[in-house]
Amino acid sequence: AEYLRLPHSLALIRLRNPPVNALSLAVVNGIREGLQKAMSDHTIKAIVVCGANDKFCAGADISSFSRSSPGISFGVVVDEIQRYEKPVVAAIRGVALGGGLELALGCHYRIAHAEARVGLPEVALGILPGARGTQLLPRLIGVPMSLDLITSGRPVGADEALKLGILDVVINSDPVEEAVKFSQEILDKPLEPRRLLNKSVPSLPNMDSIFSEAFAKVQKQYPGFLAPETSIQALQAAVNLPYKLGIKEEEKLALYLQKSGQARALQYVFFAESSVHKQSPPSVASWQTASPQPISSVGVLGLGTMGRGIAMCFAKAGIPVVAVESDPKQLEIAKKAVTSMLEREASKMQQSGRAWTKPTLTFSSSADMLCESGRFGQKTGKGWYQYDKPLGRVHRPDPWLSEFLSQYRETHHLESRSISQEEILERCLYSLINEGFRILGEGIAASPEQIDIIYLSGYGWPRYRGGPMFYAATVGLPVVLEKLQKYYTQNPDVPQLEPSDYLKKLAAHGNPPPKDWQSLAGPPGSKL
Ligand code: 3H9
C-alpha cells in the first residue's frame, strides 16, 4: 500500500497488489504504516483509501490461506481505522469484496463509482467474513439484509448498496477525486456516529424467528455446506453480544471454518475454475481448437425411453440412424412412438428412422438378467426395488428380488455376505477416481482440476468436497491405492478396480497435492 500526501491537508493510502489488490501481509502492513504516518503528521486532517488499477480490493489473498489464518490480524486493522481520530474515507472503484469491503466498513465514509460492486463472498470459499464483516454489516444495514448478503455471498451493485446503506455516496466520476472533495466537507463533523463498532445492531421484535428461518433456508438451499450456517451463528453473536465479545466469537467461528476440509476444497475449486480454461491436454485438443468429426450415420442399441430419444435427436438433425432392438414388443412400441414423433416433425425434416431387430447375446450378470425380465428401474416401476408406480420414486424391497438373488447365488455358487456402507462408497468412488488417474495417464485430460470441474459442473459432485481427484488427495493416494488393491484382489472380474499405473507412480511419492501430479508422474503414456 502506497502512502501519498495530497494537497488540502489530505493523505492517500493506495492499495497496489495486482491484479486485484488482495490483502497480502505486505498490503496490510502498508495500510498500518500509512495510518501511523498520517497520524503523526499534524498537517494531515483526513485520509482517503483507494485501490490501484481501477479496483478497490478483492479481499484477502486466497492463495496464502493455506499458509496463515486470514482475517484475525486484519480485523485488528479494521478496528484501528474505526477508532482513528481523523476521518478515513474509502474511495471504491471496481470491486470491494470480502476483506476489501471489511476495510471499507472500517472507514468512516464510503464513496463508490456507479459501476462498482461490493459484497462478502466468503461463503463461496467455505469461510466467513472474519475481519469484522459479520459484526459490522448488521450494525450498518440490519440483520435481515446482512443475513441475505452474507449467507448467499452475492455481490451487489453500487446503486443497491447505496439503497441498503452500505455506501454513502455513488458517483459517475473518479471516486478518489470525489472522496478528496468530500473529505474537506466532513472535516468538522464528529466521528463517533460513524464508528460502527460503537453502534448496536438495530433490534427487531421477531429476531428469533428471523434467525430460525435463516437456518432453515440455508439448510435447504445449501445442503451440506458449513459456511452459511456458521455465518448465521456469527450474526447471532453480533445481536446477542457486545462488540468486543462478538468479534471473539467471529474469530472462533472463522477459525473453525478455515480449518475445515470444506474451506480447503472450496478454495481449491476457486483456483481450479479459473485455471481450467487456460489448460489444454497434452494431445493439444481443446474445446477452443477442436473441430467436430463428420458423422455420416449413427447406431443406437436398444429402443427404450432413452434409445428412442437419442434416435429421434439424430434423425431430426438429418443423420441416418440404425437402431437395434431385440424385444419385438418393445420394437413395436418404439416404432409407433418414433413414427408419430417424426410425423409431427415432418414439416421440419425429411429423414426417417429405421429399426431393425437383431443383442442374441447371452447374459450372466444379475443386472442384465433383471433388465431381461423387464425390470428397468424407476421408469418401469420395478428394478432392484419395486416402486409405487412406473416412473415413481418411492421404493420398497421386493420379495421377488430376494428369491431371484438366492437362485442366482445358488447357480453361481456365491456366498452371501453383508457389505458395509463404507465398502459400497469406497468401491464406487475409488473406481471412479481410478478412471480419473487413467485419463490423466493417457493425456486425455489436461489436469486433475479439469476432471474435478467436470464432476462439479456436470455430475453434481458436492463443491465442498472439491471433486474426485481433490478428494483422492484428501483421503491420501496411498490409502486409495491400498483399498483398490484390496477390492481388486477380492473382485478380479471388475477391471475398474485394478489400480492404474499413474496412481501407483504417484502413490510412490506419498501423497503429493494435485498441482504436483503431472510433474511427478511424467509425460502421459499415449496421446489422443
Ligand atoms: C476474504 O476476504 C476473507 C476476509 O473476510 C477476512 C480476511 C481479510 N486472492 O477472477 P479473475 C486472482 S476471502 C488471490 O480472473 P475477474 C484470480 O485467481 C476473499 N487471488 O478476474 C486471477 O488470477 P490469475 C474474498 C485472487 O475480473 C486474477 O486474480 N474475496 C483473488 O473476472 C483475476 O481474477 C473473493 O472471494 C483473491 N482474493 O474477477 C473475491 N481474487 O490471473 C474472489 C482474484 O492468476 N475474486 N484473484 O488466474 C473474484 O470474485 C474475482 O476474481 C474478481 C475479478 C471479481 C475480483
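Side chains included, hydrogens not; waters and symmetry mates left out as well; all remaining heavy atoms used. Please read these numbers as outputs of a predicted model, since none were measured by experiment. Read the numbers this way: they start at 1 and go in the same order the structure lists the ligands and their atoms.
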Below 4.0 Å, non-hydrogen atoms only: which portion of A60 touches ligand 1? Side chain, backbone, both or neither. both
Identify which of L125, L266, T134 has a heavy atom lying nearest to atom 13 (S) of ligand 1. L125
Numbered in order shown, the ligand 1 atoms found under 4.0 Å of a heavy atom of D61 are 9 (N), 14 (C)
For residues 504-516, tabulate all N or O donor-acceptor pairs below 3.5 Å that involve a side-chain atom, not counting sequence neighbours.
residue	atom	partner	partner atom	Å
K505	NZ	A521	O	3.2
N511	OD1	L477	N	3.0
N511	ND2	A473	O	2.9

Min N/O separation R117 to ligand 1 under 3.5 Å: no
Going by atom types alone, do D452 and Y268 pair a side-chain donor with an acceptor below 3.5 Å? yes
Polar contact flag for A58 and ligand 1 (N/O pairs, less than 3.5 Å): yes
Taking 4.0 angstrom as the limit and counting only heavy atoms of E122, give me the atoms of ligand 1 inside it, by number and element. 1 (C), 2 (O), 3 (C), 4 (C), 5 (O), 13 (S)
Nearest-option assignment for atom 4 (C) of ligand 1, heavy atoms, candidates E102, R132, Q267: E102
Show me which atoms of ligand 1 lie under 4.0 Å from any heavy atom of F74. 8 (C)
Hey, which atoms in ligand 1 end up nearer than 4.0 Å to a heavy atom of P129? 5 (O)
Check for me whether the distance between the ring centres of W517 and F437 falls short of 6.0 Å. yes
Regarding R5 and T43, do their side chains bring together a donor and an acceptor under 3.5 Å, going by distance alone? yes
Answer side chain, backbone, both or neither: which part of P19 comes under 4.0 Å from ligand 1, heavy atoms only. side chain
Is the number of heavy atoms from other residues, nucleotides or ligands under 6.0 Å of D174 CG greater than 12? yes
Counting from 1 in the order shown, the ligand 1 atoms closer than 4.0 Å to a non-hydrogen atom of G59 are 2 (O)
Should the ring pair Y455 and Y459 be called parallel, tilted or perpendicular, given that the plane angle runs from 0 to 90° and is split at 30 and 60? parallel
Give yes if a backbone or side-chain nitrogen or oxygen of F65 is under 3.5 Å from a nitrogen or oxygen of ligand 1, and no if not. no
Tell me whether Y256 at atom OH has more than 12 heavy atoms from other residues, nucleotides or ligands lying less than 6.0 Å away. no
Across all chains, not counting sequence neighbours, the side chain to side chain contact (heavy atoms under 4.5 Å, CB included) partners of E178 are I111, I171, S173, K181
Between K252 and E249, does at least one N-O distance fall below 4.0 Å, as a salt bridge requires? yes
Under 4.0 Å, counting heavy atoms only: does G133 come that close to any atom of ligand 1? no
Does a donor on one side chain and an acceptor on the other come within less than 3.5 Å for N434 and Q496? no
For K55, is at least one N or O under 3.5 Å away from an N or O on ligand 1? no
Counting heavy atoms not belonging to N206, are there more than 12 under 6.0 Å from its CG? yes
May I ask you to identify, for V20, whether its side chain, its backbone, both or neither come under 4.0 Å of ligand 1 on a heavy-atom basis? side chain
Ignoring hydrogens, just give me the one of L97, V78, I127, L120 whose non-hydrogen atom is nearest atom 50 (O) of ligand 1. L97
Can you sort out which atoms of ligand 1 are near F270, meaning under 4.0 Å from one of its heavy atoms? 18 (O), 41 (N), 43 (C), 44 (C), 46 (N)
Residue P121 vicinity, atoms of ligand 1 by number, heavy atom under 4.0 Å: 30 (N), 35 (C), 36 (O)
With a sphere of 6.0 Å drawn around CD of E115, does it hold more than 12 non-hydrogen atoms of other residues, nucleotides or ligands? no
Would you mind running through ligand 1 and noting each atom that sits below 4.0 Å from a heavy atom of G130? 5 (O)
